[in-house]
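Contents: one structure, followed by commentary.
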Amino acid sequence: MNEMTIFHRILSREIPASVVYEDDEVLAFKDIHPKAATHLLFIPKQFVASIADITSETAHLPGMLILKAQKFALEQGIAGYKLTFHVGKGGGQEVMYLHLHFLTEEKVEGKEY
Ligand code: AMP
């Protein structure tokens, strides 16, 4: 089931978002309800609904998101941060499009955080 989610619409630019990073594989944007001074969401351009749906074909995607978040933090000079995947409704996942939460109390340089 490939239901259209709000993150599909952000990816296609149908809905605006504060994008902080993009490349061929990933889009990163500010969470609309930040739970820390800096709260970003990293999503893969390849759609997977949840960690719960990962297979051997898509097992590289969570690691890829973590690497992108690590690279972003390094480039921004952010020393400490939290990375979280919410898995399924029971795990607090509301948007059924795989995303990595990136939270830190450090401000992102040159951004409005
Ligand atoms: P989760 O609970 O893991 O599914 O997280 C979904 C996150 O998406 C929540 O933290 C929401 O605040 C965030 N969110 C929902 N809609 C938008 C949006 N249009 N732009 C940015 N973040 C959003």
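We count ligands from 1, going down the list as the structure has it; atoms in each ligand are counted the same way.
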Mind checking ring-ring contact (aromatic ring centres under 6.0 Å, His included) for His86 and listing every partner two or more places apart, or none if nothing turns up? His101
Name the residues in contact with ligand 1, where contact means a heavy atom under 4.0 Å away: which are they? Ile6, Phe7, Ile10, Phe29, Lys30, Asp31, Ile32, His33, Leu41, His86, Gly92, Gln93, Glu94, Val95, His99, His101
List in chain and number order the residues that pass salt bridge (Lys or Arg N to Asp or Glu O under 4.0 Å) with Lys45, two or more places apart in sequence or in another chain; answer none if no residue qualifies. Glu22
Any side-chain heavy atom of Ile43 within less than 4.5 Å of one from Phe29? yes
Under 3.5 Å: donor-acceptor pair, side chain of Tyr97, backbone of Pro44: yes
Any sub-3.5 Å donor-acceptor pair from Thr104's side-chain atoms to Gly80's backbone N or O? yes
Non-neighbouring partners of Glu25 that pass side chain to side chain donor-acceptor pair (under 3.5 Å), sequence neighbours left out: Lys68
